[in-house]
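For reference, the structure is listed below as structure tokens.
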Amino acid sequence: MEDTVAFSHQPVLLAEVIEQLRPRPGGVYVDCTLGGGGHSAAILQASAPDGLLVGLDRDEDALAAAARRLAVWGERVKLRKANFVRLDQVLSTLGIEKVDGVLFDLGVSSYQLDTPGRGFSYWHDAPLDMRMDRSAPFTAAEIVNTWPVEELAAIISRYGEERFARRIAAAIERERRREAITTTGRLASIVKEAIPASQRRQGGHPARRTFQALRIAVNKELDVIAPALEQAVQRLAPGGRLLVITFHSLEDRIVKNALRRLADPCRCPPDFPECVCGQKAQVKLPVPGGIAPTAQEMEQNPRSRSARLRVAEKLADRF
Ligand SMILES: C[S@@+](CC[C@H](N)C(=O)[O-])C[C@H]1O[C@@H](n2cnc3c(N)ncnc32)[C@H](O)[C@@H]1O
């Protein structure tokens, strides 16, 4: 574990997560994005004395920090290094059939952002890495230095929702021909220079959207969300709840659409008098628009500002 930054991550929407997840003694809960274990600790407290918590993360630093923090709960905690898209497999290996709640708190942790050596942040000059799982095959530096300019522009536009994506990609291509781009500092200044001066002050740091895009591409963050949510719903016992915290519109759209499909899967034409496709709702959505943080939380923890908690509740099987 890198010691430059202690593992600190303030859990977002903590009270709301506990209220919606409704942990109880004897329940089985899965935290698919363990991070520093903040949400997990609260779930363990609320499900005392014998609730079980399964925690997953693909970042070894996160697992090590969470293992230390959650050690007091002993056998009630099972931690595994895994991408959450392998949720089904992890539960099978543990011999767990059904669970009472699953939490996804998507994206990066403050620890990942604040640790210079992880290369996630434009605030620190560091090797351009951005892998959550440091055994994963490629880093942000590989994307920046080897991907065709059109592909760079496409990911910066799609995953960063950056209107100057083409200019940024062209600047990257020009600069990498002179010398490989290997640090966050150099990339941040290339991006800044590529954005027209009059636009640089809008929407935070000028490199924010490009860094978000690269992080999403390196970690293939979006591809795994919908399949993981489907696995989670399959594993929920009737009345069990799935909670997902999203931090930007791309994530939120994927989650919203996936939950809607699970809540209303019927694909019959609207003028059919009754359903003939046979697709049955698997969940209901108790808080259809999701839950945003309070003004007080947003003030205390700026990272929470864009957060939204979405909730689904598993329905009983109907025959
Ligand atoms: C926002 S943090 C979670 C913070 C945590 N809820 C807490 O209270 O400390 C997100 C964590 O999810 C992990 N993560 C992101 N995508 C993942 C994936 N597909 N599979 C497993 N872990 C993932 C990241 O490595 C990071 O540690």
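Counting starts at 1 for both ligands and their atoms, following the listed order.
Heavy atoms of other residues, nucleotides or ligands lying less than 6.0 angstrom from CD of E60 number 12 at most. Within a 6.0 Å sphere centred on CZ of R166, other residues, nucleotides and ligands contribute 12 heavy atoms or fewer. The number of heavy atoms from other shown groups lying within 6.0 Å of CD (E151) is above 12.
Within ligand 1, counting atoms from 1 as listed, the ones closer than 4.0 Å to a heavy atom of G36 are 7 (C), 9 (O). Taking a cut-off of under 4.0 Å to the non-hydrogen atoms of L106, the atoms of ligand 1 that pass are 1 (C). Each of the atoms 7 (C), 8 (O), 9 (O) of ligand 1 lies under 4.0 Å from some heavy atom of G38. Interface atoms of ligand 1 facing L34, defined by a heavy-atom separation under 4.0 Å, are 5 (C), 7 (C), 9 (O).
Of the polar atoms of A62, none of the N or O atoms is found under 3.5 Å from an N or O of ligand 1, judged by distance alone. At least one N/O-N/O distance between R58 and ligand 1 falls below 3.5 Å. Backbone and side-chain nitrogen or oxygen atoms of Q112 are examined, and one is located within less than 3.5 angstrom of a nitrogen or oxygen of ligand 1. Checked against a 3.5 angstrom limit, the closest N/O atoms of M132 and ligand 1 fall outside it. Geometrically, ligand 1 and R303 share no nitrogen or oxygen pair separated by less than 3.5 Å. When only interatomic distances are considered, the shortest N/O to N/O separation between F84 and ligand 1 falls below 3.5 Å.
Heavy atoms of A82 found under 4.0 angstrom from ligand 1 belong exclusively to the backbone. If you look at N219 next to ligand 1, there are no close heavy atoms at all, none under 4.0 Å. At a heavy-atom distance under 4.0 Å, no atom of L56 approaches ligand 1.
By the 30° and 60° cut-offs, the orientation of the rings of H205 relative to W123 is perpendicular.
Nearest-heavy-atom check against atom 10 (C) of ligand 1 across G107, G55, S109 picks out G107. Comparing T33, D59, D57 by heavy-atom distance to atom 26 (C) of ligand 1, the nearest is D57.
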Problem set entry | salt bridge (charged side-chain N to carboxylate O under 4.0 Å, His left out) between E75 and K78, intermediate numbers included | CA-CA 7 Å; E75 291 300 306; K78 308 256 176 255; 3.7 Å; yes
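In plain terms, the two heavy atoms of L243 and Q20 that are nearest each other are CD2-CB, 3.9 Å.
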